2 protein chains.
Amino acid sequence: MEFQSQKGTTERILEAAGELFAESGFQDTSIRDICARANVNLAAVNYHFRDKEGLYEAILLQSFEQIQRAYPFELTGECPEKDLEVFVRMLMFRLLGKGRPALHGKLMAAEMSSPTGALDKLCEEAIRPTHELLVGIIRAIVGEAPENDLNDLAASILGQCLFYKHAQPVIIRLRGAIPVEDHEIEALARQITSFSLAGIEKYRITHEQ
Amino acid sequence: MEFQSQKGTTERILEAAGELFAESGFQDTSIRDICARANVNLAAVNYHFRDKEGLYEAILLQSFEQIQRAYPFELTGECPEKDLEVFVRMLMFRLLGKGRPALHGKLMAAEMSSPTGALDKLCEEAIRPTHELLVGIIRAIVGEAPENDLNDLAASILGQCLFYKHAQPVIIRLRGAIPVEDHEIEALARQITSFSLAGIEKYRITHEQ
DNA sequence: TCACGTATCAAACAGGTGTTTTAATTGCTC
DNA sequence: GAGCAATTAAAACACCTGTTTGATACGTGA
């Protein structure tokens with residue numbers, strides 16, 4: 001007889017593994033750590049998810065659905081400047097937000113710099129569409145331009161956002177802390193958007209004939 | 001009797017380990033890999049450098065001297081816009097340049113997202129001074145401003161640069177390649193500088209009374 | 001009640017890691 | 001050339017990893 005509040009084994013594993021993968025990465029998280037936190041037997045991961053990679057992919061899939069529901073890119077297509085602000089804000093929440101909804105963003109950021117076997121699939125299913133979205137916004141502002149230039153501008157924006165995740169350990173040492181509260185994240189998103197709109201505008205002016 | 005072309009054991013270890021640490025990180029590089037590439041006995045690393053961390057620190061120290069000689073931040077202090085361009089170009093070469101001189105930049109980038117025990121020391125001796133340099137340039141452009149705002153602007157610039165290193169595996173999948181030739185790196189540095197100067201100017205105009 | 005598929009468990013396995021040990025070898029000085 | 005310290009070498013050690021095994025308990029339908 002189980003307590004109703006006690007979730008099943010697979011759920012407990014998914015929960016514990018998600019937290020550990022997010023804070024320590026795939027490599028540095030051991031199955032023993034996961035099972036200890038989930039309060040399940042060591043063999044449970046292999047039984048329910050075949051192997052460690054299977055568990056990781058299950059978490060990636062689950063968290064992808066969660067993040068799209070929690071932080072969607074709801075663009076109007078009418079005002080690209082406003083769309084950029086939405087894009088940046090949602091991306092920042094995906095990277096810096098608290099709790100389960102932001103899990104996928106953090107796993108993606110980790111995957112970018114320390115890829116596992118899951119990166120190829122992740123790239124095509126999640127990263128490329130997001131990148132296309134951003135390039136579309138930029139194109140709506142600057143008009144037609146060489147694909148390479150649009151990619152560079154997109155990189156400038158993505159780089160500003162991802163920096164706060166990728167360089168987190170350094171930022172904490174240099175500045176003491178990292179934005180965590182919702183209003184802090186929103187303020188940062190506005191600052192990055194404003195900065196980027198100026199950069200994009202400068203490109204447009206420089207390259208119009 | 002040794003061939004003159006055959007360097008000593010410690011030099012061969014430093015050379016092999018530098019390459020491996022740069023491309024695979026500290027964790028994913030094993031002492032056995034290093035010794036195999038350096039053609040030395042397995043025990044040599046522990047004998048000459050006490051342990052794996054000792055070797056890593058020796059490489060960090062050695063490559064720090066090399067990078068300062070190869071890619072110095074030679075700022076005039078007269079024209080902050082020009083100084084920013086120099087700063088960005090040197091930083092990009094440190095991150096994307098070829099061969100030994102760029103080793104330290106790559107190790108630093110890796111250290112930022114996946115810190116080892118060496119990060120604290122590295123932060124104080126290399127990263128913080130570089131950050132102060134950049135903040136100084138920005139302050140020269142916008143005038144006095146809250147420290148937090150200057151830090152945000154610095155983060156926007158550093159983020160754009162580091163993105164090309166931190167997201168390298170993804171960029172290669174999305175765009176096919178990453179800038180490697182000197183003229184490509186310089187062009188990218190000019191683009192980032194131009195973009196950033198516009199962003200900084202926008203901040204200055206928005207916040208002047 | 002019995003048998004069967006599912007799930008859990010403790011234990012062991014096979015492979016890799018950083019490090020240490022102990023002996024052999026080298027190179028240099030007296 | 002003998003003696004001595006520094007270096008190299010092969011082997012083993014202790015630990016951690018993901019995974020598998022075989023036994024046991026559970027629940028369900030015949």
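Naming convention: chains lettered A, B, ... in sequence-line order (proteins, then strands); numbering from 1 in each chain. For clarity, every value in this text was computed on a predicted model and none was experimentally measured.
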> A:F49 has an atom CZ; how far is it from atom C1' of D:dT20, in whole Å?
Replying inline: 18 Å
> What is the nucleic acid contact for A:T10, judged by heavy atoms within less than 4.0 Å: base, sugar-phosphate only, or nothing?
Replying inline: nothing
> Taking atom P of C:dT8 as reference, at what distance in whole Å does atom CD of A:E11 sit?
Replying inline: 10 Å
> Expressed in angstrom and rounded to an integer, what is the separation of A:I31 atom CD1 from C:dG15 atom C1'?
Replying inline: 14 Å
> Among D:dT20, C:dA7, D:dT7, which is the nearest nucleotide to the side chain of A:Y47?
Replying inline: C:dA7
> In terms of side-chain heavy atoms of A:S30, which of D:dT8, D:dT17, D:dT19 is nearest?
Replying inline: D:dT17
>> Tell me whether the side-chain N/O atoms of B:H48 come closer than 4.0 Å to OP1 or OP2 in D:dA6.
In response: no
> Do the side-chain N and O atoms of A:Q27 and A:S114 include a donor-acceptor pair separated by under 3.5 angstrom?
Replying inline: no
> Could you state the interatomic distance from CD (B:E184) to CG (B:L96), rounded to the nearest 0.5 Å?
Replying inline: 10.0 Å
> Does B:T9 put a side-chain nitrogen or oxygen below 4.0 Å from OP1 or OP2 of D:dT8?
Replying inline: yes
> Just how far, in rounded Å, is P of D:dA10 from CG of B:N46?
Replying inline: 16 Å
>> In whole Å, I'd like the distance from the CG atom of B:D33 to the C1' atom of C:dG18.
In response: 13 Å
> Within the pair B:N41 and D:dT7, is there a side-chain N or O less than 4.0 Å away from OP1 or OP2?
Replying inline: no
> Where the side chain of B:D51 is concerned, which of C:dT19, D:dA9, D:dT19 is the nearest nucleotide?
Replying inline: C:dT19
> Any Lys/Arg nitrogen of A:R89 or A:D182 sitting under 4.0 Å from an Asp/Glu carboxylate oxygen of the other?
Replying inline: no
>> Heavy atoms only, 4.0 Å cut-off, all strands: where does A:A44 land among base, sugar-phosphate and nothing?
In response: nothing
> Thinking salt bridges, do A:E147 and A:R139 make one under a 4.0 Å N-O criterion?
Replying inline: yes
>> Whole angstroms only, please: what is the CG-P distance between B:D28 and C:dG16?
In response: 15 Å
>> Suppose we call a contact any N or O donor and acceptor under 3.5 Å apart; does that hold for the side chain of B:R32 and the base of C:dG18?
In response: yes
> If you measure from the Lys or Arg side-chain nitrogens to the Asp or Glu carboxylate oxygens, is any gap between A:E181 and A:K98 under 4.0 Å?
Replying inline: yes
>> Please report the distance, rounded to the nearest Å, between NZ in A:K52 and C1' in D:dT20.
In response: 17 Å
> Can you check the A:L42 CG to D:dT19 P distance for me, whole Å?
Replying inline: 10 Å
